[in-house]
Amino acid sequence: MKPSIPKGTRDFGPREVNRRNYLFDTIRKVFVKYGFQPIETPSMEDLSTLTGKYGDEGDQLLFKVLNNGDFLRKADQEALEAKDSAALVSSISKRGMRYDLTVPFARFVVMHQNDIPFPFKRYQMQPVWRADRPQKGRYQEFVQCDVDVVGSDSLMNEAELVQIYDEVFRDLNLPVTIKVNNRKVLAGIADAAGIADQFMDMTIAIDKLDKIGMEGVKDELRKRNISESAIDTIEQILQVTTLDELKPFFSDSEIGKKGINELETFHHYFDTYEATNTVSFDVTLARGLNYYTGCIFEVQAEGVKMGSIGGGGRYDDLTGVFGMQGTSGVGVSFGFDRIYDCLEELQLWPADSAERLKLLFLAFDPASHTYAFRCLNQVRAAGINAELYPDPVKMKKQMKYANNRNAEYVVIIGSNEMASGQLALKHMATGEQTEYTLDQIINKLIDNS
RNA sequence: GUGGUUGUAGCUCAGUUGGUUAGAGCGCUGGAUUGUGGUUCCAGAGGUCGCCGGUUCAAAUCCGGUCUUCCACCCCA
């Protein structure tokens with residue numbers, strides 16, 4: 001048979017994995033510096049944990065795991081008869097692949113509430129799965145790196161999370177824009193326009209401003225049955241670029257005022273930090289997931305055509321659905337694979353991101369091959385990563401392997417070297433070759449590593 | 001989920017209105033060079049033309065289906 005892998009999934013070779021590890025390490029280092037602790041959760045969750053958390057579209061994108069055994073016999077026979085897939089699902093699938101890391105985290109917090117300290121600061125870097133139609137930067141299996149704080153209402157957390165964004169992308173040399181808004185400000189806009197009941201329709205429309213422009217947004221609002229007078233108000237508000245300009249619109253909206261107040265408090269903390277990247281208030285930022293209730297964030301890479309590479313915000317009561325009321329959380333997510341794609345496109349990989357082979361031994365004949373093997377063990381005992389070409393074949397072939405492995409040094413051993421104990425150490429990049437004893441070689445490689 | 005797009009050697013791609021044995025560059029293997037890689041020269045291997053079916057004397061080429069890729073929606077990381 002011809003081998004293949006499912007759509008939207010990828011294999012990663014040594015080159016990719018080395019680079020992915022560099023990216024993991026860079027992100028993790030910042031998470032740890034800010035005091036976050038790692039957790040991991042299973043790839044599968046009970047389907048009941050996942051369904052209904054991401055809206056109707058999200059539910060459709062959930063990968064469901066078929067029950068084992070004779071699942072059709074136990075299936076809902078009515079639904080089966082009627083070919084009603086939606087109704088059938090719950091009787092033939094009790095598990096699903098996780099869709100993000102936030103909902104499993106909420107489940108984790110509730111299940112382990114007696115074992116974890118609050119506020120609980122956790123990070124998590126694991127794959128998630130979505131049955132989306134793949135495109136560039138859009139996969140069915142991809143990794144998210146999440147940091148969340150649960151059990152603290154302080155806006156200091158928001159400030160720290162944006163700092164984490166800034167530091168990670170600074171360390172990666174990837175210039176980004178971090179957009180900040182607040183869900184309560186959006187509610188205030190709906191208030192000001194007198195359409196509080198059409199809040200969702202309004203946010204969906206204005207979220208598209210970047211893409212379809214002001215006229216497009218107005219059309220979209222009309223399509224969603226929003227009145228002309230409300231559209232006028234919304235249009236005026238969308239021109240706003242600072243919090244102060246926004247205030248007059250919210251004179252009668254308590255929630256709007258609260259939103260502005262939260263953003264001001266956020267800045268009170270955040271402005272003490274010197275950011276490398278652009279951090280800007282953006283009234284049009286809405287973000288889809290409906291569980292956000294406070295500040296919201298989104299990260300856009302500069303100079304790459306790519307969807308958002310990160311997003312997050314505050315949710316006042318995410319653990320509520322699992323029976324733990326009144327616990328607030330705030331968190332942000334890094335779109336690992338999209339960031340990888342950006343770094344790839346902009347060629348931002350550090351030169352040493354690949355774990356290169358330090359030293360490769362090459363031998364001319366069987367006798368020197370065994371001799372080289374003894375040398376190899378001494379070198380490894382000193383902690384230097386090294387290999388011996390497994391057979392004393394033609395030197396050209398062995399040298400070629402050294403090139404392919406990107407070996408930094410080779411040591412060539414034949415009868416002469418065995419007799420004198422002086423080994424030829426060759427630096428592959430320069431071609432320079434000098435004779436040393438094995439001890440000298442070990443010292444030299446330890447020094448410059 | 002809707003509409004479109006793509007698929008030919010390991011990789012990047014040619015391939016005429018349907019017409020002999022499907023090509024190139026790079027890579028790979030061997031040799032020039034019996035103790036030294038990246039350059040050069042020579043030779044060689046490697047393809048069920050994504051898959052299944054149809055039309056035809058004849059299909060990489062036309063038609064249908066399917067899978068995959070990418071794009072626009074939708075949504076999002």
Side-chain angles (χ1 to χ4, degrees), chain A residues 1-10 13 27 54-62 85-86 98-102 125-146 165 176 203-204 207-208 211-212 216 220 285-290 292 297-301 304-312 331-342 360-365 368 389 392-419 423-433:
Chain A
M1 67 172 282
K2 210 164 203 173
S4 66
I5 56 174
K7 72 173 163 202
T9 66
R10 295 145 300 152
I27 295 172
Y54 310 106
D56 291 341
E57 275 110 2
D59 284 355
Q60 291 191 333
L61 297 181
L62 283 173
S85 307
R98 67 167 166 254
Y99 176 91
D100 70 1
L101 300 178
T102 306
M125 309 198 292
Q126 291 190 277
V128 303
W129 292 268
R130 296 184 188 178
D132 217 346
R133 189 171 286 201
Q135 281 182 31
K136 185 177 157 199
R138 169 179 284 200
Y139 306 101
Q140 293 206 341
E141 178 183 62
F142 60 98
V143 169
Q144 290 192 328
C145 304
D146 276 30
Y165 266 148
V176 297
T203 52
I204 290 168
D207 192 34
K208 297 180 184 171
K211 194 174 267 181
I212 60 179
E220 182 85 24
L285 175 63
R287 295 202 50 77
L289 292 177
N290 34 29
Y292 292 123
F297 314 106
E298 192 162 291
V299 185
Q300 197 77 44
V304 189
K305 197 167 168 261
M306 178 72 70
S308 67
I309 56 175
V332 296
S333 180
F334 288 77
F336 183 88
D337 297 86
R338 285 187 179 177
I339 295 168
Y340 181 98
D341 290 344
C342 289
L360 176 68
F361 285 92
L362 312 179
F364 278 111
D365 52 71
S368 43
Y389 194 87
V393 296
K394 272 206 193 91
M395 200 39 62
K396 176 166 176 156
K397 193 179 168 98
Q398 299 193 54
M399 289 298 284
K400 207 161 203 170
Y401 178 76
N403 281 332
N404 289 339
R405 286 299 309 276
N406 192 23
E408 193 172 346
Y409 291 96
V410 296
V411 164
I412 299 162
I413 298 178
S415 49
N416 299 345
E417 286 78 5
M418 270 169 68
L423 310 181
L425 177 71
K426 185 181 177 98
H427 187 247
M428 288 301 283
T430 60
E432 200 177 306
Q433 188 166 325

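Within every chain, numbering begins at 1; the chains are lettered A, B, ... in the order of the sequence lines, protein sequences first and strands thereafter. Side chains are part of it too, since the values below use all heavy atoms of this structure and drop only hydrogens, waters and symmetry mates.
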Identify the nucleotide, in any strand shown, that forms a Watson-Crick or G-U wobble pair with [N], with both distances under 3.5 Å; if there is none, say none.
N	result
B:rG30	B:rC42
B:rA24	B:rU12
B:rA59	none

Donor/acceptor link under 3.5 angstrom from [X] side chain onto base of [N]:
X	N	result
A:Arg130	B:rA77	yes
A:Glu417	B:rG35	yes
A:Asp365	B:rG35	no
A:Arg133	B:rG3	yes

Just the rounded figure in Å: distance from [atom2] of [N] to [atom1] of [X].
X	N	atom1	atom2	result
A:Gln135	B:rU69	CD	P	11 Å
A:Trp129	B:rC75	CH2	P	25 Å
A:Leu61	B:rC75	CG	P	11 Å
A:Lys397	B:rU34	NZ	C1'	17 Å
A:Tyr99	B:rC76	OH	P	7 Å
A:Tyr389	B:rG35	OH	C1'	17 Å
A:Gln398	B:rU36	CD	P	12 Å
A:Gln140	B:rC67	CD	P	12 Å

Have a look at [X] and say if it touches a base, only the backbone sugar-phosphate, or nothing, with a 4.0 Å heavy-atom cut-off.
X	value
A:Tyr401	nothing
A:Lys396	base
A:Ala407	nothing

Run the side-chain hydrogen bond (donor to acceptor under 3.5 Å, both in side chains) check on A:Tyr99 and A:Asp59 step by step: do they pass?
CA-CA 9 Å; A:Tyr99 176 91; A:Asp59 284 355; over 6 Å; no
Kindly confirm whether the side-chain ring of A:Phe142 is stacked on the base of B:rA77, judged by centres under 5.5 Å and planes under 30°.
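According to the criterion (under 5.5 Å, under 30°), yes, A:Phe142 stacks.
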From the set [options], return the single nucleotide nearest to any side-chain atom of [X].
X	options	value
A:Met399	B:rA77, B:rG35, B:rG37	B:rG37
A:Lys305	B:rA77, B:rU36, B:rA72	B:rA72
A:Ser308	B:rA77, B:rG35, B:rC75	B:rA77
A:Asp132	B:rG35, B:rC75, B:rG37	B:rC75
A:Lys208	B:rC75, B:rU36, B:rU69	B:rC75
A:Ile412	B:rA72, B:rG35, B:rC75	B:rG35

Measure from the ring center of A:Phe297 to the ring center of A:Tyr165 and say whether it is less than 6.0 Å.
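They do not qualify: ring centres at least 6.0 Å apart.
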Is there a side chain to side chain contact (heavy atoms under 4.5 Å, CB included) between A:Asp341 and A:Met306 once you walk through the steps?
CA-CA 9 Å; A:Asp341 290 344; A:Met306 178 72 70; 3.5 Å; yes
Hey, what do you get for CG (A:Asp146) to CD (A:Gln126), rounding to the nearest 0.5 Å?
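It is 10.0 Å, given to the nearest 0.5 Å.
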A:Val410 or A:Lys400, whichever maps to the more 5' nucleotide of RNA chain B:
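Nearest-nucleotide comparison on RNA chain B picks A:Lys400.
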Hey, mind stepping through A:Gln144 and A:Phe142 against side chain to side chain contact (heavy atoms under 4.5 Å, CB included) and telling me if it holds?
CA-CA 7 Å; A:Gln144 290 192 328; A:Phe142 60 98; 3.8 Å; yes
